[in-house]
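Labels below follow one simple rule: chain letters A, B, ... track the order of the sequence lines, proteins then strands, and each chain is numbered from 1.
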2 protein chains.
Amino acid sequence: METVEQTLKSSGMKVTPQRVMLLKYIKENPGEHLSAESIHEHVKSITPNIPAATVYNILKALSDKGIINFIELEGKALYESRTDPHINFMCQACGKIDDYEISGSMEPILSNVKGIITNSTVLLKGICSSCTKSAEQ
Amino acid sequence: METVEQTLKSSGMKVTPQRVMLLKYIKENPGEHLSAESIHEHVKSITPNIPAATVYNILKALSDKGIINFIELEGKALYESRTDPHINFMCQACGKIDDYEISGSMEPILSNVKGIITNSTVLLKGICSSCTKSAEQ
DNA sequence: GTCCATGCAAACGATTTGCATGCGT
DNA sequence: ACGCATGCAAATCGTTTGCATGGAC
């Protein structure tokens with residue numbers, strides 16, 4: 001498995017402690033959809049004087065390079081380690097975001113699209129299975 | 001074709017001039033992805049003292065009822081008249097958002113998803129066909 | 001040594017809040 | 001008449017900017 005330092009280097013990014021720390025944190029939390037703010041909060045516990053601007057810069061750079069994935073939800077920027085096409089399901093009852101595999105592939109449904117696709121996001125909203133069960137009682 | 005007044009009434013919403021005006025404007029611009037702010041700007045030209053809060057309230061209510069569709073892009077709330085599943089393609093070169101039909105249906109790719117889905121959004125980013133052509137020269 | 005990344009503070013802008021008034025039912 | 005919707009102003013909050021300093025290469 002590639003180290004985060006190698007990942008940064010092979011994407012043409014300079015290797016700085018802040019970038020390493022951030023990318024490690026995101027990679028160590030697969031399945032999580034971390035807000036820029038919560039990431040900032042976390043890294044401040046390690047490097048107290050890291051400014052928001054640096055965190056936002058790094059997150060943007062990492063997602064621009066395709067190293068992490070970026071989605072917007074409820075007015076916030078969320079980042080996740082998973083960069084392959086998948087389904088994000090947000091429960092409107094509990095607020096949790098679950099990932100699901102795309103059954104088969106995205107390609108068939110995209111056959112009408114003209115142009116070059118660099119990123120695909122499938123975002124579902126609804127009531128997750130555990131909230132559905134609680135409501136049934 | 002149902003009038004916007006009928007649409008509001010049958011969704012259990014009170015019929016007010018502001019709601020009618022807003023919904024009409026969105027319905028009259030199919031294929032457009034209107035920001036809350038641009039909608040506010042537009043209606044101010046008709047009702048100069050309509051506050052942002054009212055516009056935001058109404059847009060939220062309309063999308064909660066499923067009368068219009070809501071997506072988030074680049075930190076802004078966008079609204080469109082189309083509420084059936086379709087593809088939103090944002091060109092990273094010119095910023096335009098194009099709609100495409102989903103080839104076949106969403107359902108097959110969603111077969112892994114547990115829970116009740118109330119809204120599906122497919123959001124693509126890339127370079128649209130006209131920007132691809134301009135770059136080829 | 002060069003240039004990009006970081007640290008810092010202040011600004012920004014889209015959206016939201018609280019409350020008084022008005023209007024649809 | 002009742003209760004939700006509107007008008008208004010101010011506040012909020014996630015994010016961005018400008019610029020000086022520091023560190024990776």
Side-chain angles (χ1 to χ4, degrees), chain A residues 3-25 33-65 67-68 70-79 95 97, chain B residues 3-25 33-65 67-68 70-79 95 97:
Chain A
T3 64
V4 299
E5 287 84 352
Q6 289 169 335
T7 305
L8 290 169
K9 210 168 278 183
S10 61
S11 301
M13 291 178 74
K14 286 187 184 169
V15 179
T16 70
Q18 295 83 347
R19 287 174 177 182
V20 170
M21 175 173 48
L22 260 159
L23 183 50
K24 267 189 181 153
Y25 178 58
H33 301 76
L34 302 160
S35 69
E37 266 200 308
S38 75
I39 294 170
H40 184 210
E41 280 311 308
H42 169 80
V43 297
K44 268 202 293 192
S45 69
I46 304 167
T47 310
N49 52 349
I50 191 170
T54 298
V55 173
Y56 281 90
N57 278 344
I58 293 175
L59 293 172
K60 188 178 188 314
L62 290 173
S63 62
D64 283 352
K65 294 284 184 184
I67 300 170
I68 59 177
F70 162 76
I71 62 170
E72 293 186 67
L73 217 41
E74 308 200 298
K76 284 185 224 165
L78 303 182
Y79 295 91
I97 303 170
Chain B
T3 65
V4 299
E5 287 85 352
Q6 289 167 337
T7 304
L8 291 169
K9 211 168 279 183
S10 61
S11 300
M13 292 178 72
K14 286 186 185 171
V15 178
T16 68
Q18 295 84 347
R19 288 176 176 181
V20 169
M21 175 173 50
L22 261 161
L23 183 50
K24 267 190 182 153
Y25 177 58
H33 301 76
L34 303 161
S35 69
E37 265 199 308
S38 75
I39 293 170
H40 184 210
E41 280 311 309
H42 169 80
V43 296
K44 269 202 292 193
S45 70
I46 304 166
T47 310
N49 52 349
I50 190 170
T54 298
V55 174
Y56 282 91
N57 278 345
I58 293 174
L59 292 172
K60 188 176 188 315
L62 290 173
S63 61
D64 283 351
K65 296 283 184 185
I67 300 171
I68 60 177
F70 162 75
I71 62 170
E72 292 187 66
L73 217 41
E74 307 198 301
K76 283 184 226 163
L78 303 182
Y79 295 90
I97 303 170

Test item: A/Q18 and A/T47 side chains (from C-beta on) under 4.5 Å apart, heavy atoms: no
Close side-chain approach of A/H42 and A/L34, heavy atoms under 4.5 Å: no
Whole Å only: how far is the [atom1] atom of [X] from the [atom2] atom of [N]?
{"X": "B/F70", "N": "C/dT15", "atom1": "CZ", "atom2": "P", "value": "8 Å"}
{"X": "A/E74", "N": "D/dC13", "atom1": "CD", "atom2": "P", "value": "15 Å"}
{"X": "B/I50", "N": "C/dG22", "atom1": "CD1", "atom2": "C1'", "value": "14 Å"}
{"X": "B/K65", "N": "D/dA5", "atom1": "NZ", "atom2": "P", "value": "9 Å"}
{"X": "A/L62", "N": "C/dC4", "atom1": "CG", "atom2": "C1'", "value": "15 Å"}
{"X": "A/N49", "N": "C/dA5", "atom1": "CG", "atom2": "P", "value": "19 Å"}
{"X": "A/L73", "N": "C/dT15", "atom1": "CG", "atom2": "P", "value": "15 Å"}
{"X": "B/E5", "N": "C/dC23", "atom1": "CD", "atom2": "C1'", "value": "16 Å"}

Among A/V4, A/V20, A/T7, side chain to side chain contact (heavy atoms under 4.5 Å, CB included) partner for A/V15: A/V20
For A/K44, all residues meeting salt bridge (Lys or Arg N to Asp or Glu O under 4.0 Å), sequence neighbours excluded: A/E41
Sequence-distant partners of B/E37, salt bridge (Lys or Arg N to Asp or Glu O under 4.0 Å), two or more places apart: none
Closest heavy-atom pair and its distance - A/S35, A/K76: CB-CD, 4.5 Å
Five-pair end axes of the helix from C/dG1-D/dC25 to C/dT25-D/dA1 and the angle they enclose, rounded to 10°: 50°
Donor-acceptor contacts, no H, no angles, side chain residues 57-64 of chain A, under 3.5 Å, sequence neighbours left out:
residue : atom : partner : partner atom : Å
A/N57   : ND2  : A/A53   : O            : 3.4
A/K60   : NZ   : A/D64   : OD2          : 2.9
A/S63   : OG   : A/L59   : O            : 3.2
A/S63   : OG   : A/K60   : O            : 3.2

Side-chain N,O (B/Q18) to OP1/OP2 (C/dC23) below 4.0 Å: no
Nucleotide-resolved protein contact map, nucleotides 14-25 of chain D, B/S/- at heavy-atom distance under 4.0 Å: SBBB------SS
With sequence neighbours excluded, residues passing side-chain contact (heavy atoms from CB on, under 4.5 Å) with A/T3: A/E5, A/Q6
Aromatic ring pairing B/Y79/B/F70, orientation class (parallel under 30°, perpendicular over 60°, tilted between): tilted
